[in-house]
Amino acid sequence: MSMLQWSKRDGAPNLILFIHGLKGGSDTWSYSNTVSFPKLLSSDPDFEHYDVACFEYFTNFTNFYGKTKNLLRRLFQCTKKKEINLPVSELSELLDTEMDVNLSDYKNVIFVAHSMGGLVAKSCILKMIKYGRANNLAGFISLAVPHSGAGLASVMSSMITSNVQIKDLSVFSNETDALNREWLTIDSLPKSKFVYGTNDIIVAKQSALPVQVLAKDSVAVHEDHITICKPDSIENNVYKVVKKFVLEISNTVNEIICPTEFKDDKQYDNEYFVLKMIIADVHEDITNHAKEYYYNAELARNLFTSDHDRAILDNLYRKIKNLYQTQYQIAISERLSSDQLLAAIHSKIDNEDKSELVSLLASLDNLHKKGMLHQLANKLNRDVIWSPDTTVNSISELRAK
C-alpha cells in the first residue's frame, strides 16, 4: 500500500511532495477545514505543471497496541497492520521506496518538509544519491527543521524513553549528527532553501539553519513552529517563499529544455575543440554534430551559475573526462580511427546518461553531456584529443593561420 496522499494528481510532469513531522499528518498543513498548504498550491494556476502529494507515516508519542490478556492472540490473528513509531532512518527508506516505485516517472520532485520531516527528507536524499536514483530530485525546502536537534525533544526523550523518533530529534543525537556530517561531504545535493520562524520556541534558529547554509539560502518568517506550515492564503510569506523557490527551479529547467536552435555561422571554427578535430581528420559531419553539442552545453553552463550548480557540473565533468580517458586508451590499443574514437565516446555518454552520468541537474540530457566533452577539449592542451599525433604546437599553428 502506498504511503502517499494526493491533493492533485493530473499526470503533470513535476511533483511537490510534503513531508510532515512528529505527531503530524495531513492536518500538519491545514489552516482550516477548507484551507491547507497542499490545496493552495493545487489551485494556483502557476503550478499547472505540478502534481501535489503528501508522504504520510505513523507517528505518536508512544507505541500503543492496547493492553490485554490476549495480546499475543490478537497480534497473530489480526490481519490489520500494527503501526509503530519508526526511526528517521527507516522512515527515509520508506520514502525512498515511494520515490523509486511510485514517483520515478516525474521529471522533477521537490520536497517540502516540516520539523522531523526534514530529517526524513535529508536522510532520503542522501540514500537516493548513494543509490544513484537522485536524477529527478530537484529541490528541498526545510521548514523549521531541527538539523541540530530540538531542546524540547531532549526533555521529552528523558520522559518517554521508548520513542525512537523523539530520540532522533534530541539535541546532538546520533541521527542528526550523522546526517549533518554526511550532508557536508556531498557535492551534488539538490537546490535547498532553509526557512525558520522568528517566533519558534521549539526549533531554534541555530538548529533550523545548518552551519553550512549560505545567507541567500536562508529565510526568516514571522511564524512559530506550528503556523510556519499552515499558510492561510497565497499572500502568506511562507507560501510566497515556497512558490518563488519552486518557480525558480521550473524556470531554469524550462530554459535548458528549450534551447535556441543552433545555426552554424562558423563561429566555432577557430575554437580549440574544432581545431583538434581538424588535425585528427575527423569527418565533417561528426565535427558539425560536435559544434551543436558544444553550443547546447554552453547554454547550460551560462544558466547554472550558482556555487551549488557549479559543484554538480564539476563532478559531471570529471566523470565525462574519465569516460574519455578509458575510451582513448582502448582506441590506441585497438588502433581505432579518430572517427571511431569520437563515435565511441559519444555512444558511451548516451549509454551512461541515466547511470554513471546521472545528475541532480535533471534537465541536462545526453546532448548537453556530449557537449561537455567538447568543452573539456576546448583548451590549448592534450587532455582531450582525437589523435595521438596532436600536439600543442600543431594546435597553435593551425589557429594562427
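Using modelled atom types and a 3.5 Å distance limit, the side chains of Ser123 and Lys127 yield a donor-acceptor pair. Between Tyr131 and Asp96, the side chains place no donor N or O within less than 3.5 Å of an acceptor N or O (distance only, hydrogens not considered). Side-chain contact of Asn378 with Tyr268: a donor-acceptor pair under 3.5 Å is absent, judged by distance alone. A side-chain donor-acceptor contact under 3.5 Å links Thr391 and Ser394.
The structure places CG of Asp51 at 11.0 Å from CG of Leu4, a figure rounded to the nearest 0.5 Å. In this structure, Lys193 NZ and Ser142 OG are separated by 12.0 Å, a value rounded to the nearest 0.5 Å. Once rounded to the nearest 0.5 Å, the distance linking CD1 of Ile395 with CG of Asn381 reads 7.0 Å. Annotation: the span from Cys54 atom SG to Asp27 atom CG amounts to 10.5 Å, rounded to 0.5 Å. Taking CD of Glu98 as the reference point, atom SG of Cys124 lies at 10.0 Å (rounded to 0.5 Å). The structure places CG of Asp232 at 12.0 Å from OG of Ser36, a figure rounded to the nearest 0.5 Å.
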### Task
Might you work through the side-chain contact (heavy atoms from CB on, under 4.5 Å) test for Val213 and Ser218, ending with a clear yes or no?
CA-CA 7 Å; Val213 172; Ser218 66; 4.1 Å; yes

### Task
Verify side-chain contact (heavy atoms from CB on, under 4.5 Å) between Tyr31 and Lys39, making sure each step is shown before the conclusion.
CA-CA 10 Å; Tyr31 175 78; Lys39 287 180 180 178; over 6 Å; no

### Query
Is there a side-chain hydrogen bond (donor to acceptor under 3.5 Å, both in side chains) between Asn108 and Asn136 once you walk through the steps?
CA-CA 5 Å; Asn108 297 284; Asn136 69 338; over 6 Å; no

### Query
Can Tyr196 and Glu223 be said to form a side-chain hydrogen bond (donor to acceptor under 3.5 Å, both in side chains), step by step?
CA-CA 8 Å; Tyr196 72 94; Glu223 305 288 350; over 6 Å; no

### Message
Please evaluate residues Asp177 and Arg181 with respect to the criterion salt bridge (Lys or Arg N to Asp or Glu O under 4.0 Å), reporting the C-alpha separation (whole Å), side-chain torsions for both, the decisive distance (0.1 Å), and the verdict.
### Response
CA-CA 6 Å; Asp177 181 63; Arg181 289 177 184 274; 2.9 Å; yes

#### Entry: CA sep, side-chain torsions, deciding dist, call: Ile385, Tyr272, side-chain contact (heavy atoms from CB on, under 4.5 Å)
CA-CA 10 Å; Ile385 56 176; Tyr272 291 124; over 6 Å; no

### Worked check of side-chain hydrogen bond (donor to acceptor under 3.5 Å, both in side chains) between Ser338 and Ser387
CA-CA 6 Å; Ser338 299; Ser387 167; 4.7 Å; no

### Message
Please determine whether side-chain contact (heavy atoms from CB on, under 4.5 Å) holds for the pair Ile110 and Leu17, giving the CA-CA distance in whole Å, both sets of side-chain angles, and the decisive distance to 0.1 Å.
### Response
CA-CA 6 Å; Ile110 297 175; Leu17 184 63; over 6 Å; no

### Task
Apply the test side-chain hydrogen bond (donor to acceptor under 3.5 Å, both in side chains) to residues Glu56 and Ser26: give CA-CA distance (whole Å), side-chain angles for both, the deciding distance (0.1 Å), then the verdict.
CA-CA 7 Å; Glu56 299 280 332; Ser26 57; 4.6 Å; no

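Within the 4.5 Å cutoff, no side-chain heavy atoms of Asn102 are placed close to those of Thr97. Using a 4.5 Å heavy-atom threshold, the side chains of Tyr317 and Leu376 count as touching. Inter-residue side-chain proximity for Lys191 and Phe140 is flagged as unmet; no heavy-atom pair is nearer than 4.5 Å. Taking the side chain as every heavy atom from C-beta outward, Leu119 and Val145 approach each other to under 4.5 Å. In this structure, Ile234 and Lys243 have side chains that are not in contact, with every pair of non-hydrogen atoms separated by 4.5 Å or more. You'll find the side chain of Val221 reaches within 4.5 Å of the side chain of Val195, heavy atoms only. Looking at Val384 and Tyr328, their side chains never come closer than 4.5 Å, going by heavy atoms from C-beta outward. Side-chain contact between Val203 and Pro146 is present, with at least one heavy-atom pair separated by less than 4.5 Å.
A salt bridge links Glu235 to Lys240: one of the charged nitrogens lies within less than 4.0 Å of a carboxylate oxygen. For the pair Arg133 and Asp100, the salt-bridge criterion is met [side-chain N within less than 4.0 Å of a carboxylate O]. Ion pairing of Asp269 with Lys291 is present here, as a side-chain N (NZ or NE/NH1/NH2) and a carboxylate O approach within less than 4.0 Å. Salt bridge status for Glu397 with Lys401: absent, with no side-chain N to carboxylate O gap under 4.0 Å.
The heavy-atom pair separating Ser396 from Leu380 by the smallest distance is OG-CD1, 3.5 Å. The nearest pair of heavy atoms linking Val392 to Arg382 is CG2-CG, 4.3 Å. Considering all non-hydrogen atoms of both residues, Phe37 and Pro231 come closest at CD1-CD, 3.4 Å. Nearest heavy atoms, Tyr239 versus Ser233: CB-O, 3.8 Å. The two atoms that bring Leu95 and Ile19 nearest to each other are CD2-CD1, 3.6 Å, heavy atoms only. Taking each heavy atom of Ser250 and Tyr50 in turn, the nearest pair found is OG-OH, 2.6 Å.
The number of heavy-atom neighbours closer than 6.0 Å to CG of Asp105, taken from other residues, nucleotides and ligands shown, is 12 or below. A 6.0 Å sphere centred on CD of Gln267 holds more than 12 heavy atoms belonging to other residues, nucleotides or ligands. By the neighbour-count criterion of 12 heavy atoms within 6.0 Å, atom CG of Asn302 is densely surrounded, having more than that number from other residues, nucleotides or ligands.
The aromatic ring centres of Tyr295 and Phe262 sit less than 6.0 Å apart. Remark: aromatic rings of Phe273 and Trp386 are distant, center separation not under 6.0 Å. Close placement of the Phe194 and His147 rings is indicated, their centers lying within 6.0 Å of each other. The ring of His114 has its center closer than 6.0 angstrom to the ring center of His225. Aromatic ring centroids of His289 and His283 lie 6.0 Å or more apart.
Geometrically, Lys122 engages Trp183 in a cation-pi contact, judged by NZ or CZ lying under 6.0 Å from the ring centre and within 45° of the ring axis. Annotation: cation-pi geometry satisfied between Lys370 and Tyr293 (NZ/CZ under 6.0 angstrom from ring centroid, within 45° of ring axis).
Proximity of a side-chain donor or acceptor of Ser207 to a complementary backbone N or O of Ala204 within less than 3.5 Å is not detected.
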